[in-house]
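One structure is given here, and the rest of the page talks about it.
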Amino acid sequence: MAWTKYQLFLAGLMLTTGSINTLSAKWADMFSAKGCKDSPEHGFAHPFVQAVGMFLGELSCLAVFHMLLCHDRRRPEPKMNTGQSFNPLLFLSPALCDMTATSIMYVALNMTSASSFQMLRGAVIIFTGLLSVAFLGRRLVASQWTGILITILGLIVVGLADFMSGHKDDSHKLSEVITGDLLIIMAQVIAAVQMVLEEKFVYKHDVHPLRAVGTEGFFGFFILSLLLIPFFYIPVGSFSNNPRHVLEDALDAFCQISHNPMIILALLGNTVSIAFFNFAGISVTKEISATTRMVLDSLRTVVIWVVSLALGWEQFHGLQVLGFIVLLVGAALYNGLHRPLLARILCCASVEEEEVNPVERTSLLDEGRVQEEG
């Protein structure tokens, strides 16, 4: 069945905005500007400020939900399913997981390449599968366990590619690259906990997806914004790249933005893209299928990698290609992408049998007639 123009638009929107989200975050990390009180020019290293911007984008999904709801209610026959009433505090624990995982990943993005960042996020399959068995009582089929094992192999290959490239990369030290990769994988453990919590406590309440994303964005935005105040006073030494070497210096971030307005463009790209990406992802699942969403998310990694190479942000490494292919196979097996392919093969085989059998039956009848005539 051919896709409609609207479905093609949604797929393109998801692929484009998903790629822009990671690329704009990495672009912001590559800027340099003076800080407050005419401090020397230094790199823009403010992962928690970036995370606040991302949650602002998620929060905007709540505004979109209410706009769509108002528009639907003006119709003679409203069609929008708003879901049942729920306690917003249900989203607090998933939002805290999302906030922690996102902040860690933005810290890691300062240390490693955009393509490795995107590829290593595939580790979420491993931890989601294991946690769903432990806490949701789910039974994984053989193909899902195989997918998890292949994903582990893919992560090893990508990690090895980063280890080898770390010796040749002038922008990041080898220790930074390894630390960044480990932080990304650690963040996927927290992201997996978030998914399990959402499935166990949230999904049974039939909450509209835009409302769910927006509510999590609400908690993430306001809690992390408040946490920026204590973060301003927590010293972390050389782990932080801001001049005061504190966990997060929001004032320095705003001063750098005032000295280099291009930074705000990158941050806006991150904020706006996450809102459209969430909307497009939800719509793709609804209008096409969850499998299509998974395929588009994998293609997003290819786009990010190709753009990073084209812009000279990173160098080509053959092992990274191999790692991506292995990760793609692992994700496909875990998500059951092989099933429709096997179904088509079996269907084609049965059709061929049906085409051959009539011929065989005709030949047998002919032989029978010859014997009768004889």
Side-chain angles (χ1 to χ4, degrees), residues 12-32 43-47 50-51 53-54 57 102 104-124 154-185 187-188 241 260 262-274 276-277 280 295-328 331:
L13 184 66
M14 181 184 168
L15 184 60
T16 305
T17 55
S19 303
I20 289 171
N21 183 249
T22 300
L23 290 168
S24 59
K26 187 62 182 178
W27 188 34
D29 293 340
M30 299 179 76
F31 281 111
S32 294
F44 186 83
H46 299 284
Q50 285 181 291
M54 195 213 74
T102 301
I104 291 172
M105 283 192 285
Y106 278 131
V107 170
L109 190 57
N110 270 295
M111 302 177 177
T112 190
S113 65
S115 60
S116 293
F117 169 83
Q118 195 63 39
M119 289 181 195
L120 291 171
R121 289 177 72 174
V124 73
L155 293 173
I156 293 169
V157 175
V158 172
L160 187 60
D162 279 350
F163 179 79
M164 293 177 69
S165 65
H167 294 286
K168 304 173 185 177
D169 192 1
D170 297 328
S171 58
H172 299 292
K173 296 177 183 177
L174 178 60
S175 58
E176 283 185 354
V177 172
I178 294 171
T179 304
D181 288 355
L182 291 174
L183 284 173
I184 294 166
I185 293 171
Q188 301 320 301
N241 291 326
N260 189 349
M262 289 295 289
I263 297 173
I264 196 66
L265 184 63
L267 296 178
L268 278 173
N270 190 36
T271 301
V272 174
S273 63
I274 195 65
F276 280 101
F277 176 67
V295 172
L296 289 171
D297 209 37
S298 300
L299 287 174
R300 179 163 68 117
T301 306
V302 178
V303 173
I304 291 165
W305 186 42
V306 170
V307 171
S308 298
L309 288 172
L311 294 173
W313 290 359
E314 54 186 276
Q315 297 176 348
F316 177 83
H317 298 286
L319 264 180
Q320 214 172 26
V321 182
L322 177 62
F324 171 69
I325 293 169
V326 174
L327 285 171
L328 193 60

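Note that this is a predicted model, so its numbers are computed, not measured. Side-chain atoms are counted along with the backbone in the values below, which use heavy atoms only and exclude waters and symmetry mates.
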With rounding to the nearest 0.5 angstrom, report the [atom1] to [atom2] distance, [X] to [Y].
{"X": "Ile274", "Y": "Thr17", "atom1": "CD1", "atom2": "OG1", "answer": "8.0 Å"}
{"X": "Met262", "Y": "Ile264", "atom1": "CE", "atom2": "CD1", "answer": "11.5 Å"}
{"X": "Leu13", "Y": "Phe277", "atom1": "CG", "atom2": "CZ", "answer": "10.0 Å"}
{"X": "Met111", "Y": "Ile178", "atom1": "CE", "atom2": "CD1", "answer": "12.0 Å"}
{"X": "Asn21", "Y": "Thr271", "atom1": "CG", "atom2": "OG1", "answer": "9.0 Å"}
{"X": "Ile325", "Y": "Leu328", "atom1": "CD1", "atom2": "CG", "answer": "8.0 Å"}

Flag side-chain contact, heavy atom, 4.5 Å: [X] against [Y]:
{"X": "Ile263", "Y": "Phe44", "answer": "yes"}
{"X": "Trp313", "Y": "Leu23", "answer": "yes"}
{"X": "Trp27", "Y": "Asn270", "answer": "no"}
{"X": "Gln320", "Y": "Asp162", "answer": "yes"}
{"X": "Glu314", "Y": "Leu309", "answer": "yes"}

Ignoring hydrogens and angles, tell me if any N or O in the side chain of [X] forms a donor-acceptor pair with the backbone of [Y] under 3.5 Å.
{"X": "Ser115", "Y": "Trp305", "result": "no"}
{"X": "Gln50", "Y": "Ala25", "result": "yes"}
{"X": "Thr22", "Y": "Ser19", "result": "no"}

Report the residues that fulfil side chain to side chain contact (heavy atoms under 4.5 Å, CB included) with Thr301, sequence neighbours left out, ordered by chain and then residue number.
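Here the qualifying residues are Gln118, Met119, Phe324.
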To check you understand the geometry: which heavy-atom pair defines the closest contact between [X] and [Y], and what is its length?
{"X": "Ser24", "Y": "Ala266", "value": "CB-O, 3.5 Å"}
{"X": "Val177", "Y": "Thr112", "value": "CG1-OG1, 4.2 Å"}
{"X": "Ala28", "Y": "Leu267", "value": "CB-CD2, 4.2 Å"}
{"X": "Leu296", "Y": "Met14", "value": "CD1-SD, 3.9 Å"}
{"X": "Lys26", "Y": "Leu109", "value": "NZ-O, 2.8 Å"}
{"X": "Gly18", "Y": "Ile304", "value": "O-CD1, 4.5 Å"}

